[in-house]
Amino acid sequence: MSKPIAYGVWPTMITLFTEDGKLDYAGNARLTDRLIRQGANGLFAVCQSSEMFFLKPEEKLALARCVVEAARGRVQVIASGHTDGDLYRQIDELGKMAETGVDAVVLVTNRLARREDGREVFSRNLETVVKALPGVTLGIYECPQPFLRLLSLSELRGVAQDGRFCFLKDVSCNAAIQQERAALIKGSGLGLYNANSDTLSRSLSYGYVGYSGIMGNFHIDIYRWLFDNLGREPGLAAAVQEWVSEANAMATTNGSYPISAKYYLSQTGLPCGLSSRAKPAAYFSAAAREQTDRLIAGEREMRKRLGLPQDWANGAG
């Protein structure tokens, strides 16, 4: 059986690099601490936001260990990182990731079968991986890159019935699919975490147990407020839901993420550069910078409305 995983908000962590392109261990430790102080219930490290497809195998393991050590047991840490095209090399990657101290190892759906493969190939490969990792608590992640492979309802039922899976990061962005999924796995022990800001409140009302998405790198405290207060203050929660949808559009429509998140952090008290392996610096245009500045201003107003601290950089919260 899987270990229990906390409900709530789980940022998909970005990775900070030094100016010469190496992992910035001190910076990533500071980011870990800030996200925890700002309200994260758990941390998803070594995922797409972490630029895992651009990290060497040893770097992925070192990054996971860095986050685990910096978390110091205050919250749980999960990680993915199996990016190789060969299934048995993926098993090796996942087995080594399990040894870093993370609380669960997260399988990526599009790594378990190629785009042109049928459902039977996916199911066979999933079974092979699970059998090769005895005793490891597992999650599963519908990573949208290099292509999106959503679980069918029958595949989801199998994952839920397995008993080893504690976490599904849902990237369907579809309320109807989310409602079906929540009803299907009710009482199974598999937690559904929505990656999509627009459908978050509805998915929580269906039975989803948290949020795990890119906006956790910006204002995880506001998502935490929404998660904690959805049923307590429905009127204000509806206004917050509308705002997080608008903020998500501001952060993602220009295509500059994750550089935009690094700029955001540099402007809100966490010293870091804009180095990225996933995208050249040119993606972060003057328009993207202006939009991120507007997002920061909007956050300040929303925090004031919710009574949240403004300055997370200096130990607030």
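In what follows, residues are counted from 1 in the order of the sequence shown.
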Phe227: which residues meet the ring-ring contact (aromatic ring centres under 6.0 Å, His included) condition with it, sequence neighbours left out?
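Partners of Phe227 under the ring-ring contact (aromatic ring centres under 6.0 Å, His included) test: none.
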Parallel, tilted or perpendicular: which fits the ring planes of Phe44 and Phe167, with parallel below 30° and perpendicular above 60°?
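Perpendicular.
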Taking the six-membered ring for Trp, are Phe284 and Tyr263 parallel (under 30°), tilted (30 to 60°) or perpendicular (over 60°)?
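Correct class here is tilted.
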Set of residues satisfying salt bridge (charged side-chain N to carboxylate O under 4.0 Å, His left out) with respect to [X], sequence neighbours excluded:
X      : value
Arg111 : none
Lys96  : Asp92
Lys22  : none

Please list, chain by chain and in numerical order, all residues satisfying side chain to side chain donor-acceptor pair (under 3.5 Å) with Thr128, sequence neighbours excluded.
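Per chain and number, Thr128 pairs via side chain to side chain donor-acceptor pair (under 3.5 Å) with no residue.
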With sequence neighbours excluded, residues passing side chain to side chain donor-acceptor pair (under 3.5 Å) with Gln145:
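Scan of Gln145 (side chain to side chain donor-acceptor pair (under 3.5 Å), adjacent residues dropped) gives none.
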Assess whether a salt bridge exists between Glu142 and Arg149, defined as any Lys/Arg side-chain N lying under 4.0 Å from an Asp/Glu carboxylate O.
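Salt bridge flag = no for Arg149 with Glu142.
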Is a donor on one side and an acceptor on the other found under 3.5 Å between the side chain of [X] and the backbone of [Y]?
X      : Y      : answer
Asn110 : Cys143 : yes
Ser50  : Met52  : no
Tyr193 : Leu168 : no

Is it true that Thr18 and Asp24 share a donor-acceptor pair across their side chains at a distance under 3.5 Å?
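The answer is no; no qualifying pair exists.
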Assess, by modelled atom type and distance only, whether the side chains of His82 and Glu93 contain a donor and an acceptor separated by less than 3.5 Å.
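No, Glu93 and His82 have no side-chain donor paired with an acceptor closer than 3.5 Å.
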Are Arg300 and Ile296 packed together at the side-chain level, in the sense that at least one heavy-atom pair is separated by less than 4.5 angstrom?
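They are in contact (side-chain heavy atoms under 4.5 Å apart), so the answer is yes.
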Taking side-chain hydrogen bond (donor to acceptor under 3.5 Å, both in side chains) as the criterion, tell me which of Asp170, Thr199, Asn194 meets it with Tyr208.
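Result: among Asp170, Thr199, Asn194, Asp170 is the only option passing the side-chain hydrogen bond (donor to acceptor under 3.5 Å, both in side chains) with Tyr208.
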